[in-house]
Amino acid sequence: MKKEVRVRFAPSPTGPLHIGGVRTALYNYLFAKQNKGKFILRIEDTDQTRFVEGAEEYIIEAFQWLGIEFDEGVGIGGDFAPYRQSDRKSIYKKYAQELIDKDWAYYAFDTPEELDVVRKDFEAQKKNFQYDCQTRSNMRNSLTLSSNQVKELLDSNTPYVVRFKFPENTEVHINDMIRKEVIMNTNLLDDKVLYKSDGMPTYHLANVVDDHLMQISHVIRGEEWLPSCPLHVMLYKAFGWEETMPEFAHLPLLLKPDGNGKLSKRDGDRLGFPVFPLEWHDPKTNEISSGYREKGYIPKAVINFLALLGWNAGIEQEIFTMEELISLFSIEKISKAGAKFDLDKAKWFNHQYIQMTQNSELAKNFNQTLIEKGFNLPITYVEEVVGLIKERCNFTTELWEQGYFFFTPPEAYDEKIIKKRWKPTTPNNLIQIIELLDTIEPFSSAIIEEKLHNYIEENQLNMGDIMNALRLCLVGQGKGPHLYDIISMIGKKETIERINKAIKIISPQ
RNA sequence: GCCCCGUUCGUCUAGUUGGCCUAGGACGCAAGAUUUUCAUUCUUGAAAUCAGGGGUUCGAAUCCCCUACGGGGUACCA
């Protein structure tokens with residue numbers, strides 16, 4: 001019988017959720033849904049010194065915005081609660097103790113200061129210190145001290161940590177679903193701290209214990225965890241949990257768009273694109289980092305783009321619904337190399353999704369902006385405007401700059417267009433156009449187009465000059481959708497007013 | 001330094017059991033078409049001797065080795 005798929009996303013609440021983390025979560029989600037399994041949110045806050053106010057709430061809100069739902073976890077609950085590691089503090093100690101009792105771990109009394117000294121010493125000799133099977137015999141721990149000494153230290157509340165005791169010269173085999181077999185020798189691995197002197201476990205212990213207790217079937221996480229995976233595998237062995245050990249998949253990293261290296265917060269600020277799903281206000285530094293949501297991205301576009309950054313179904317389709325992603329996803333098809341973040345492609349995806357989004361839905365959000373700006377118009381009007389301008393928007397935030405003229409007259413007139421299209425005869429021609437417009441009934445786009453074209457032809461006027469000058473009057477720039485659509489939308493009265501105003505400002509007599 | 005992972009157009013990638021690859025698609029770029037404008041859209045094009053070098057083989061982007069380069073790790077951080 002195949003066991004139930006249970007995967008988890010386990011961020012640490014040290015700040016906003018990085019977009020690479022979003023991708024990791026997405027892959028976990030797709031895998032869980034495809035296998036009719038469970039997707040769990042576990043908060044890994046074992047480092048109390050790095051706790052950041054609001055980070056946990058941010059993470060939950062970000063996934064809500066993205067449309068990624070958890071089945072269990074912080075904020076939802078479930079059979080394996082609690083899901084926050086700080087709330088699980090009491091359960092880890094006995095597991096650390098179990099390892100000590102089984103001789104898979106030991107107490108270490110070396111203080112951070114002492115370790116520093118040793119490290120500096122090694123450095124001076126151009127060597128690298130590692131607390132491992134070679135060096136542990138020279139340190140202050142329960143391996144070198146007598147049991148009486150250890151008992152005394154413990155009884156007198158001397159701070160200690162618990163370290164994993166790697167066996168010497170043993171090969172650890174990892175079966176990674178993406179990279180296949182990876183082998184590492186324990187002689188090169190250090191005796192990682194499992195339990196800290198503050199009474200909290202480290203990631204390594206907590207992660208293995210919780211994954212076991214929560215019956216996690218697959219661990220899908222970033223590549224940065226690959227080097228410590230042998231420790232995790234050994235921990236499962238030490239606990240005697242090999243039978244139910246999850247399968248591992250280590251994802252390639254998201255790289256910065258220019259040059260190389262992990263995508264970081266600074267890159268976003270530097271290159272002008274968000275690295276976080278939602279805008280983040282740092283409570284300590286007061287710094288603001290931009291978010292996809294505030295920049296006008298459609299959540300589905302972000303999902304689609306992210307899914308394809310490191311994974312490919314092997315078909316030429318590029319636009320996928322979440323349902324399609326769920327059915328097509330496979331861990332085996334995840335690429336091994338890191339992927340550079342491509343801003344242009346993200347923009348293209350967003351453009352595609354804006355075109356696919358219903359006008360009514362875009363209008364709902366756009367109307368908020370309009371209300372903030374003091375425009376209160378029927379939603380049907382806003383919907384019509386959206387329909388006319390959305391194809392020229394890459395981001396929903398561009399709706400205003402692509403369509404302001406449907407709501408308010410231009411405040412300025414583009415000098416370049418004036419130079420190119422505003423001739424000495426223009427004002428007179430426009431006055432005639434006004435007279436013509438005044439007679440048009442019904443004032444619909446098609447009729448206006450017909451009448452205007454006829455007029456221009458009959459009077460042997462230059463179509464380009466007239467049309468562009470007219471556009472300048474109404475829009476203020478050489479851009480925008482079909483002029484006749486604009487004219488009919490804003491109405492006869494407004495059109496005529498704008499033409500008169502433009503003539504007055506551009507050609508004052 | 002040491003350990004691990006990786007390396008196909010500028011970018012994301014297809015290519016998974018070696019032959020249909022004179023290496024395909026998308027973004028971006030260039031040119032053209034459409035258009036009263038800006039976009040959109042459409043067409044066409046340039047763009048990877050598959051990191052380099054050795055093998056194995058009738059035949060390698062695909063298998064093996066070496067080198068180079070890139071990334072990750074090397075904390076009482078996750």
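Basis for what follows: all heavy atoms, side chains included, without hydrogens, waters or symmetry-related copies. So that the names make sense, note that chain A is the first sequence line, chain B the second, and so on, each numbered from 1.
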Between Glu449(A) (CD) and rU35(B) (P), how many Å, whole number? 12 Å
What's the closest nucleotide to the Val193(A) side chain, out of rC76(B), rG6(B), rA78(B)? rC76(B)
When the C1' atoms of rA30(B) and rA47(B) are compared, how many Å lie between them, rounded to an integer? 11 Å
Sugar-phosphate, base or nothing in reach of Val182(A), heavy atoms under 4.0 Å: sugar-phosphate
rA30(B) - base-pair partner by Watson-Crick or wobble geometry, distances under 3.5 Å: rU44(B)
Nearest to side-chain heavy atoms of Arg392(A), which nucleotide of rA39(B), rG6(B), rC2(B): rA39(B)
Re rA51(B): Watson-Crick or G-U wobble partner, both distances kept under 3.5 Å, found to be rU67(B)
Give Pro481(A) one of three labels, base, sugar-phosphate or nothing, depending on what nucleic acid heavy atoms sit under 4.0 Å from its own. base
Can you find a side chain N or O atom of Lys262(A) that sits less than 4.0 Å from OP1 or OP2 on rG73(B)? yes
Rounding to a whole Å, what distance do you find between Glu224(A):CD and rG70(B):P? 20 Å
NZ/NE/NH1/NH2 to OD/OE distance under 4.0 Å, Lys192(A) and Asp190(A): yes
What's the separation between atom NE2 in His482(A) and atom CD1 in Ile487(A), rounded to the nearest 0.5 Å? 11.0 Å
Proximity to the side chain of Asp47(A) - top-ranked nucleotide from rC77(B), rU11(B), rC27(B): rC77(B)
Under 4.0 Å, counting only non-hydrogen atoms across every strand here, what does Glu391(A) touch: a base, just sugar-phosphate, or nothing? base
Please state whether the phosphate of rC2(B), meaning OP1 or OP2, lies under 4.0 angstrom from any side-chain nitrogen or oxygen of Lys126(A). no
How close or far is atom P of rU13(B) from atom CZ of Phe320(A), stated in whole angstroms? 14 Å
Span that lies between the C1' atom of rG25(B) and that of rG45(B), in whole angstrom: 16 Å
Under 4.0 Å between any heavy atoms, over every strand shown, what does Gly310(A) touch: base, sugar-phosphate, or nothing? Just pick one. sugar-phosphate
What integer number of Å spans the P atoms of rU7(B) and rA51(B)? 8 Å
Quick one: list whatever passes side-chain contact (heavy atoms from CB on, under 4.5 Å) with Glu450(A), sequence neighbours left out. Asn454(A)
Report yes if at least one side-chain N or O of Thr46(A) is closer than 4.0 Å to OP1 or OP2 of rA78(B); otherwise report no. yes
Check for me whether the distance between the ring centres of Phe166(A) and Tyr131(A) falls short of 6.0 Å. no
Measure from the ring center of Phe276(A) to the ring center of Tyr58(A) and say whether it is less than 6.0 Å. no
Checking rC27(B), rC4(B), rC12(B) against the side chain of Met184(A) (C-beta onward), the nearest is rC4(B)
Counting C-beta onward and ignoring hydrogens, is there a side-chain heavy-atom pair between Met139(A) and Glu114(A) closer than 4.5 Å? no
salt_bridge(Arg42(A), Asp211(A)) N-O dist < 4.0 Å: yes
Closest to side chain of His482(A), choosing from rU37(B), rC76(B), rU74(B): rU37(B)
In numerical order, the residues of residues 450-479 of chain A whose heavy atoms come under 4.0 Å of RNA chain B are Met467(A), Asn468(A), Arg471(A), Gly478(A), Lys479(A)
Spacing of the P atoms in rU41(B) and rC27(B) (rounded, Å): 9 Å
d(CD1, Ile174(A); P, rG73(B)) in whole Å: 15 Å
Touch check for Asn312(A), heavy atoms < 4.0 angstrom, all strands: base, sugar-phosphate only, or nothing? sugar-phosphate
Rounded to the nearest Å, what distance is computed from the CZ atom of residue Arg140(A) to the C1' atom of nucleotide rC76(B)? 15 Å
Round to a whole Å and report the spacing from NZ of Lys340(A) to P of rU7(B). 14 Å
Please report the distance separating the P of rA48(B) from the corresponding atom of rG10(B), rounded so that it comes out in whole Å. 7 Å
In whole angstrom, give the distance that lies between atom CD of Gln125(A) and atom C1' of rG1(B). 14 Å
Taking the side chain of Pro227(A) as its heavy atoms from C-beta onward, which of rG71(B), rG73(B), rU41(B) lies nearest to it? rG73(B)
Pairwise P distance for rC77(B) and rG15(B), with rounding to whole Å: 42 Å
Nucleotide rC27(B), atom P - distance to CG of Asn304(A) in whole Å: 13 Å
Working to the nearest 0.5 angstrom, can you tell me the gap between Gln358(A) CD and Glu383(A) CD? 9.5 Å
Among rG72(B), rA78(B), rA26(B), which is the nearest nucleotide to the side chain of Glu318(A)? rA26(B)
Might you confirm whether atom NZ of Lys300(A) has over 12 heavy atoms from other residues, nucleotides or ligands at distances under 6.0 Å? no
Give, ordered by number, those residues of residues 409-421 of chain A having at least one heavy-atom distance below 4.0 Å to an atom of RNA chain B; if nothing qualifies, reply none. none
Straight-line distance of Leu226(A) CG to His250(A) NE2, nearest 0.5 Å: 5.0 Å
Under a 3.5 Å cut-off for both distances, is rU74(B) Watson-Crick or wobble paired, and to whom? rG1(B)
Looking only at side-chain atoms of Trp348(A), point me to the closest of rG28(B), rU36(B), rG15(B). rG28(B)
Give a yes or no on whether a donor-acceptor pair under 3.5 Å exists between the nucleobase atoms of rA75(B), that is its base, and the side chain of Lys192(A). no
Counting the atoms with a prime plus P, OP1 and OP2 as sugar-phosphate, which does Gln130(A) contact under 4.0 Å by heavy atoms, base, sugar-phosphate, or nothing? sugar-phosphate
Heavy-atom side-chain proximity of Phe109(A) to Val150(A) below 4.5 angstrom: yes
NA contact type, Phe51(A), heavy-atom cut-off 4.0 Å: base, sugar-phosphate, or nothing? nothing
Consider the side chain of Lys196(A), meaning its heavy atoms from C-beta on, and name the nucleotide among rA78(B), rU40(B), rG72(B) that approaches it most closely. rA78(B)
When all nucleic acid strands are considered with a 4.0 Å heavy-atom cut-off, which category describes Arg50(A): base, sugar-phosphate, or nothing? base
Candidate pair Asp267(A) and Ser264(A), rule side chain to side chain donor-acceptor pair (under 3.5 Å), full reasoning: CA-CA 5 Å; Asp267(A) 298 313; Ser264(A) 75; 3.1 Å; yes
Ranking rU13(B), rC76(B), rG1(B) by distance to the side chain of Ser335(A), first place goes to rU13(B)
Pairing check on rU62(B): which nucleotide meets the Watson-Crick or G-U wobble criteria with it, both distances under 3.5 Å? none
Measure from the ring center of Tyr297(A) to the ring center of Phe395(A) and say whether it is less than 6.0 Å. yes
Could you check whether the rings of Trp400(A) and Phe407(A) sit parallel, tilted or perpendicular, using 30° and 60° as the cut-offs? parallel
Distance check, P atoms only: rG54(B) and rA60(B), in whole angstrom units. 13 Å
Which value, in whole Å, describes the distance between the C1' atoms of nucleotides rU62(B) and rA46(B)? 27 Å
